[in-house]
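Report on the following structure.
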Amino acid sequence: MTEAMIEPVLLSLRLASVTTLVLLALCVPLGWVLARAKGHWRPFAEAFLTLPLVLPPTVLGFYLLVLLGPEGPFAPLHLVFSFWGLVVGSVVFSLPFVLRPIQSAFEAIPDSLLHSAASLGAGPWQCFTELAVPMARRGIISAAILGFAHTLGEFGVVLMIGGNIAGKTRVLSVAIFDAVERLDYATAHGLSLGLLGFSFAILLGLSWLNGRAARP
Amino acid sequence: MKIDLTATKGAFTLKAKADWPDSGTTVIAGPSGAGKSSLLHAILGIDRAQGAVMFNGDALQDNKTFVPLHKRRMAWVSQHDDVFAHQSVRENLRFAERFAAPGGMELSEIAERFSLKGVLDQNAGTLSGGQKQRLILARALLSNPRLLTLDEPFGALDAEARHELLGLLQSLCVEQNLPLLFVSHDFDTLTRLADHMAYMEDGQVVAQGGLNACLLDTALPFRYREDACVIRRAKATAYNRDHGLNRLDLGGADLFVPGTAIGKGMDVRLRLRAGDISLSRSHHQDSSVLNILAVEIEGIEHANQTKGAGLSPGLVNVTVSLHGATVLVRITEKSARALALNAGDRVFAQIKASALVGG
Amino acid sequence: MKRLGLIALLVGALAIIVPGFWGRDKADVHIAAASSFAPFLMGLRDDIAQHCQISIEVSAGSSGMLAAQIQNGGPFDIFFSADDIRPQSLIKNGKSKHAQTYAFGRLAYWDTGKGDMDTRPLALADPKLAPYGQASAQSLVHLRQTRNVPTQTVWGRSAAQVFQFVASGAAQAGLVPLSLLRLGVIAEDQYTLVPQDWYSPIRQDVVVLHPSAGADCLMDMVLSPRIQAMMVKAGFGTAL
């Protein structure tokens, strides 16, 4: 493996890890609020947060590019063509995949159980951290797995707002596409095999962790 | 507790106004669909209703304040298995203990009373149905609430396990001087526990008062039940080991009740079933019935005088005064005529009583 | 044990994440190049380093996407497009002073047909998307008059995709840039060059976005007879 091959691998792992962490920090509270919300705004919020699934990745990427670009409202953040721009794009793109399982896991917790806990004197924060999150841990871990895998394989958004810059935004999927485009099949096969093998190992590890978490 | 609550949920409207003592045990009774659980949820603040809730002189809810559930100190035992299945039994109990106001029971004491000592380190999700119910109740008591509320308590358990747990609950509430509010449509459960009753129909409290007043109320269905009864308090005065008989003092009258020994001086609840009492003009010396007491007839209600789901034809409800306490007697129309019973008559009542230990 | 696993996972995650905070920029001149030209440029990396004393970084992509990125702040110094339209629009938007033609695209007809029984389609670049598309469409008219060409057509989003359609065997034949056939080392007897008067010239322009001494040197070098000769070998038409 040459440096040109290792670099995209490390970058992809970095991106997937950061994205997954950001998504968890975002979706665990958000999923909780949505799962417990009774207001009429809930269907609107759910529909809105599912929208990233609808747009083709490159189209979503284009709008992100315009939004984050020098003429867009988020220009001062200097996010385009940077690693953190990729994080923003991946977070937006993978949000429904992470939010949904977490929300479902929270919805599976009976109301009566949480009210029982509250009637013992436990405030909303204790109910959330000590009951809801541990009880939903399987859903949260599944969501993390999905988010991680989805980000590793993500291509369209990342290509559009990343700009295929070596060491900064040339993640694995882009590097593979790049190699295929220039008919460098040896590199493409090597990277693809690496992506598959590594993803398999990660997913296997997380499943193992999930299985352990499921045990009482 | 003083309540005045209104709420609308779909086609159902809750409009409950009531006032019952802050202490003792109160049951919210009524047919299914009457809104008993909805009222309990509104009282607890689980579902937010319009109006006011006053308890022990504190406004838990009025047009200015709304105390959230976790600050009301009203422990709730729902109809579901609400154990924290990801924690051990000990962790479940600790959770409640953490939020308890000082002065409550100790964890080890509660675990002992609820026979949970042996399973403290077991995962709560692996307990049996009965153990789960005990854990939930133990947890609720451990939180040292100002009021313990239960929704159809232990409905999932078989009769024997339920009776045992109700007895334990009752003795603990008396020991801890803990007021109880529960919802039940189960006649056996409510006669075992309640001191006061709020009776609901169509989302409204249509009757309320002392338990016996409600059990005898001609507007309520209880006195027309086949197993109609009144509940009287009595004090154990002696126990005859040879005969296995307890002697109880019921307002000056001696009553003999078979069974295991009840501690001398202990207060017991006596269930006097209308169908277990018969009347006679003379004091039979040759009867198998142990308790023959002089009573005065207060009133006679014939089947044709009752409306709706009242008495079956051929039956008569006779209310008699036993040393000043009203007791319901169920006899046949034929017997009532043969004995020519009239209000004010002094007759003899043959009574088979069963003692409900506790309270 | 459970806690240990989680800690291990966290430490692992941090080890991967932390280096990301120092994104590095080791190249002197950052080049955006159309996918069809990028491999040639990458082959010149050492040559350029020696000749101009600069290191280059090449980001490949479709000309359209690269232009959109440059329009939105893409951090590139030079843009080698596969057409002359995108550079013109960038100039109009003030991203560059002037464009220069560095090469012409050459089209070849690649046929892997196995006789009359072959029912596989002909692959073409989409005229709306790929710079080679319009030329392909023009050439096809002449091609049909002189040859037995598959009647069914499939459209590729880019020249590279057309190449892959044929290379994979999914398409019987295709109109492909000669540069890709050379890059893929396809045997000469499998394709024929399309006469240049069959299609309007595929003018490939370059624009300098951020002028520098290194960029000037690179531009001079690319337009030098030596490199232009290398480009002809690689399958491009010379701009000289």
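Chain A is the first sequence line, chain B the second, and so forth, proteins listed ahead of strands; every chain is numbered from 1.
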- Message: Does B:K117, at its NZ atom, have more than 12 non-hydrogen atoms belonging to other residues, nucleotides or ligands within less than 6.0 Å?
- Response: yes
- Message: When you compare the side chain of A:Q126 with that of B:F99, does any pair of heavy atoms fall below 4.5 Å?
- Response: yes
- Query: What residue, out of A:G123, A:A122, A:P124, A:C127, has the most heavy-atom pairs lying under 4.5 Å from chain B?
  - Reply: A:A122
- Query: Looking at CG of B:D82 and CD1 of A:I109, how far apart are the two atoms once the value is rounded to the nearest 0.5 Å?
  - Reply: 12.0 Å
- When rounded to the nearest 0.5 Å, the distance separating NE2 of B:H86 from CZ of A:R138 is 15.0 Å
- Message: So for atom CD, which belongs to B:Q50, do other residues, nucleotides or ligands contribute more than 12 heavy atoms lying within a distance under 6.0 Å?
- Response: no
- Message: Working to the nearest 0.5 angstrom, can you tell me the gap between B:N144 CG and A:L120 CG?
- Response: 11.5 Å
- If you count the non-hydrogen atoms of other residues, nucleotides and ligands that lie under 6.0 Å from CG in B:N177, is the total more than 12? no
- For atom CD of B:E106, is the number of surrounding heavy atoms from other residues, nucleotides or ligands below 6.0 Å larger than 12? no
- Counting only heavy atoms closer than 4.5 Å, note whether B:L44 contacts chain A via side chain, backbone, both or neither. neither
- Message: With a sphere of 6.0 Å drawn around NE2 of B:H163, does it hold more than 12 non-hydrogen atoms of other residues, nucleotides or ligands?
- Response: yes
- Item | Residue among B:Q79, B:R72, B:R139 with most heavy-atom pairs under 4.5 Å to chain A | B:R139
- Given a strict heavy-atom distance threshold of 4.5 Å, which part of B:R98 is in contact with chain A: side chain, backbone, both, or neither? side chain
- Looking only at heavy atoms, the pair that brings B:L69 and A:A118 closest together is CD2-CB, 3.6 Å
- Item | Under 4.5 Å from a heavy atom of chain A, the part of B:V83 involved | backbone
- Where the side chain of A:H115 meets the backbone of B:G45, is there a donor-acceptor pair that is under 3.5 Å apart? no
- Quick one: closest heavy-atom pair of A:M135 and B:A85, and the distance? CE-N, 3.8 Å
- At what distance, to the nearest 0.5 angstrom, does CD1 of B:I46 lie from OG of A:S116? 7.5 Å
- Message: Counting only heavy atoms from other residues, nucleotides and ligands, does the tally under 6.0 Å from CZ of B:F55 exceed 12?
- Response: yes
- Take atom CZ in A:F74; do more than 12 heavy atoms of anything else shown fall under 6.0 Å from it? no
- Message: Looking at A:W125, I want to see if its CH2 is surrounded by more than 12 non-hydrogen atoms of other residues, nucleotides or ligands under 6.0 Å.
- Response: no
